[in-house]
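So the structure is just underneath, and the comments pick up after that.
Quick note on labels: first sequence line is chain A, next is B, and so on, each numbered from 1.
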Amino acid sequence: MTAQAVIVTDKVFSLKGGIHPDERKTLSNTTPITEVPLPSVLILPLTMHLGAPADPVVSVGSTVRKGDVLATAVGGISAAVHAPTSGRICAIEDRIIAHESGLPAPCILLEADGEDDWRDRRGLPNWQAQPVDELIQRLRDCGVVGQGGAGFPTDVKYRNKHKPITTLLINAAECEPYITADDRLMRERADEILQGAVIAKHLLGANTIRLGIEDNKPQALAAMREAADRLGVDLRISVVPTKYPSGGERQLIQLVTGQEVPRGGLPSDLGIVCQNVGTLASIYRAIVLDEPLISRVTTVTGEAVDAPGNYEVRIGTPIETVLNQAGVHLKKADRVIMGGPMMGFAIPDITAPLMKTTNCLLVPTRKELPRPMPDNPCIRCGLCEQACPVNLLPQQLFWASKHRDLDAAELHSINDCIECGACAYVCPSRIPLVQYYRYAKGELRNEQEEQIKSERARARFEARQARLEKERLEKEARRKARAKAAAEARAAKAENGSGEPDAQDDAIKAAMARAKAKKAGAAQNTAELSREDLEKALELAATKVKKANERLVVAEQESPDMVPALRKALTKLEEKHRTAQAALENAAHGQPIKPEPKKETDS
Amino acid sequence: MTGLNLTSPHVTGRTSVSWVMGWVLLALVPGWIVLIVSFSLGYAINMVLALLTALLAEALLLAWRGRPVMFFLKDLSALVTAALLALALPPLAPWWLTVLGTMIAIVFAKQLFGGLGNNPFNPAMVAYALLLVSLPLYMTTRWASPDFSLPITDTLAIIFAGQTPVDGATGATPLDVYKLDISRLTSAEVLQSPIFGSWVAEGWDVANLAFLAGGGLLLWKRIITWHIPVSFLAGLGIMALLFSGDADVRTPIDLHLFAGATMLGAFFIATDPVSAATSNRGKLVYGAGIGVLIYLIRTWGNYPDAVAFAVLLMNFAAPLIDHYTRPRVYGHDKSVKGFKND
Ligand code: SF4
Ligand code: SF4
């Protein structure tokens, strides 16, 4: 960071398909971010992120200060939960949370004491001096997750370095209609975002920070530019045309770099890590101020709201409280949507709390977003195909899904569908296409789980067979060794008893025999030793495979992003397991052993 | 404030099937008017007959199949089928030919296959082809001559009372005439006939331009994409350039493009989405196939205008084309071809 920042504007590549729904952004982006007052009770779900639920470390009745850890991250992909204010834990129980399933989930209930008393903080204004690992650990300790969409734990992105990262891409496209949280955040807190970006770049070892922003946010862009200039942050800017879904991670990468994230891969395969602006601000707060993720900016908008705008809300605030603050008319409202109109979902109960991933609460009137009409048959007009940003054939996917023809669905690459809804938006027959795709994807997942289960059973069986075989061979080897020793002893005895050999000759022979015996013994020893080692290695490999398998199952349910990487790791581990087994078998057959060089491939 | 089962997207565009079909109907109007003005009021009468028959047939079949009648009638798809047929049939054919054709289209080619969206073949073209095969006389000789003004009463009498048209009032189409005459005359001599008029073919050329304009409207409204019409016309045009270089031997390119049902076919019939190929690349193959087949059938087949047969043949091929022309999906190295995943 030197005085003169280099800020350049890059060319933008094209994105196939996409749609131009009414933006409706001016409804909420003209007023500054305001704070929602502290509610009396905060409800903090243990799963506000992708991955394993956090594990509570407080008990009912304990008092906490603002920023204290309430639940810690468990396993590789998980995120901690913190107290958004000081108070007393009044319950740990299942509550309805804002999830499509509408099912209750475990939550920690925190009764605010009104003091809002911070825990001791140990900010790191000179974070550059800290080891990278420690900084990443702090992101994990602060419960930072991606705030643009799915809530992927941020630290994982920085740990998972299977490819060198060159570029940090700031996702500031915010292409969903209505939502303006990122827009306002950039206008008002560009400094925080950019400082977060500088930290992220450092953690990644990247050399470039790029900004992808839609051309409908000129003020936000100006603010970012100005801040970059002031802070001396080099920035490459791509102003992408306003088109939904240009803010999809993969779509933005295509727009900004012209490259496509390979099938089944991650942006890191291209040396890119993508972060939403809100996440970067949280990174800054976590590292420099030691503030965990306990509040966020959420857009509250829609025609049933009196004061649409952006609100700074503590995580865990009941949605009802937020809506009241914005003056919502529940009678006029048709539904409350968490997220935008394209990809959000109608929440079952407004007592549910606001979560780390809640970027928008949309409360439309029925006139504003009409209920779906009964759908016509598909006329194969192909409008959906023209709109699909991923280049799928939605009409074919629809046929396959409708008839539960999973093979055909896979043949048409249904798993590459990002569920953006562009196809359903343009469909003149008003077919709820995305619902069909979700159904087919679910069915496919079930089918694959079945397959994995049966494969695992087979693997267990084979492992048992191998173990039995190994034991048999070992017994056999021991028996042979004993027999050989006995035979040699007999032979030696016989030789000693025969005639009158030349004394010198005899001495030499004896010496040679001794040496030979010694050598053999040594060899036997190393063999034994290595065998033990190998057994250990085999066991280790087996547990690793098992663990990886478990993690893969979790990931498949909760964080599809991670699946490819995990799968790769699993194959490698299985490979290792196999070599270990083979080595052991060789050992059992008395062949020379070369101990495997130890390599850590566990990711 | 319910809405548990309302899932994304919550907002949809403003198009509907009736919107699509409505625009198609609207886009047909200029060509239709040109045909009425240049040739005969028969086109207007046919249109009314076909539309009424289609509505009635569709309603009856829907009721019989236990489907919501009004819901499906409102999608206007039956009217589009009827309109296409009415524009393709000879204007001075007897009334029952139009009615019969429309019933074939709606009952057999559409509803018995499962209604809107399920018909593998273009209904209007199925009807047209069946009529052409079984009643060739009416289908080839009842074209109105452009330079003969027939009184309304006579038109009505011909259509409804089975009156035989007076000499000169009806005849074959220019494509038909050219093909027949070129075997014994030179191009210049053939073109002496008044039906070719001052430009390509009296009346037909303007009608084709009008359909072209209508097609432009559909392109502009993004109801169709350019792929099928362009590849259709390119296929036909290239074949004509290759094999029709000598106008004294074969029908030249301008007649191919502007004398028959070419533009109607390229923009309105071949683009019928239900029975066409799916992907953009597929549409290119599909359209080009129709264009080439039209030339082949017109030149070496027995039928002077071949849009119907060419479209039906390519309808057959559409599923296969679909399997080999899938687009490359984002992030994939290549497109998935054929019937099996790897
Ligand atoms: S847009 Fe709708 S009607 Fe048209 S092809 Fe796609 S799914 Fe079918
Ligand atoms: S929801 Fe899926 S199929 Fe539809 S447009 Fe988006 S990516 Fe394409």
Nearest 0.5 Å, please: how far is [atom2] in [Y] from [atom1] in [X]?
| X | Y | atom1 | atom2 | result |
| --- | --- | --- | --- | --- |
| Leu266(A) | Ile272(A) | CG | CD1 | 12.0 Å |
| Lys441(A) | Ile414(A) | NZ | CD1 | 6.5 Å |
| Leu433(A) | Thr12(B) | CG | OG1 | 11.5 Å |

Given a strict heavy-atom distance threshold of 4.5 Å, which part of [X] is in contact with chain A: side chain, backbone, both, or neither?
| X | result |
| --- | --- |
| Arg328(B) | both |
| Val329(B) | both |
| Asp322(B) | side chain |
| Thr225(B) | side chain |

Can you say whether [X] sits under 4.5 Å from chain B via the side chain, the backbone, both, or neither, judging by heavy atoms?
| X | result |
| --- | --- |
| Asp22(A) | side chain |
| Asp375(A) | backbone |
| Asn376(A) | both |
| Leu393(A) | side chain |

**Study point:** Residues of residues 380-389 of chain A near chain B, each having a heavy atom less than 4.5 Å away
**Key:**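 Interface residues of residues 380-389 of chain A: Arg380(A), Cys381(A), Leu383(A), Glu385(A), Gln386(A).
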Does a side-chain heavy-atom distance below 4.5 Å link [X] with [Y]?
| X | Y | value |
| --- | --- | --- |
| Val80(B) | Phe268(B) | no |
| Met342(A) | Pro177(A) | yes |
| Glu443(A) | Tyr439(A) | yes |
| Lys367(A) | Glu303(A) | no |
| Thr262(B) | Val307(B) | no |
| His20(A) | Lys243(A) | yes |
| Leu217(B) | Ile223(B) | no |

Counting neighbours of [atom1] on [X] that are heavy atoms of other residues, nucleotides or ligands and sit closer than 6.0 Å, is the number greater than 12?
| X | atom1 | result |
| --- | --- | --- |
| Lys74(B) | NZ | no |
| Phe71(B) | CZ | yes |
| Lys332(A) | NZ | yes |

**Study point:** Sequence-distant partners of Pro104(A), side-chain contact (heavy atoms from CB on, under 4.5 Å), two or more places apart
**Key:**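 Applying side-chain contact (heavy atoms from CB on, under 4.5 Å) to Pro104(A) gives Asp94(A).
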Practice item. Scan side-chain atoms only and decide if Asn391(A) and His332(B) contain a donor-acceptor pair under the 3.5 Å cut-off. Key: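 Judged by distance alone, the side chains do not pair up.
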Using a cut-off of under 4.5 Å on heavy-atom pairs, state which of [options] scores highest against chain B.
| options | value |
| --- | --- |
| Val434(A), Val261(A), Leu369(A), Val426(A) | Val261(A) |
| Gln254(A), Gln259(A), Arg366(A) | Gln254(A) |
| Ile19(A), Ile418(A), Ile337(A), Asp349(A) | Ile337(A) |

Review point. In terms of heavy-atom pairs under 4.5 Å with chain A, which of Pro327(B), Ser18(B), Ser335(B) leads?
Key: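 Counting heavy-atom pairs under 4.5 Å, the top option is Pro327(B).
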**Study point:** For chain A, the option from Gly115(B), Gly114(B), Gly117(B) that forms the most heavy-atom pairs under 4.5 Å
**Key:**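 Most pairs with chain A among the choices: Gly117(B).
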Check your understanding: Going by residue number, which parts of residues 269-289 of chain B are within reach of chain A, meaning a heavy-atom gap below 4.5 Å?
Key ->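 Interface residues of residues 269-289 of chain B: Pro273(B), Val274(B), Ala276(B), Thr278(B), Ser279(B), Asn280(B), Lys283(B).
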**Study point:** Qualifying residues under side-chain hydrogen bond (donor to acceptor under 3.5 Å, both in side chains), relative to Arg430(A), sequence neighbours excluded
**Key:**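 Partners of Arg430(A) under the side-chain hydrogen bond (donor to acceptor under 3.5 Å, both in side chains) test: none.
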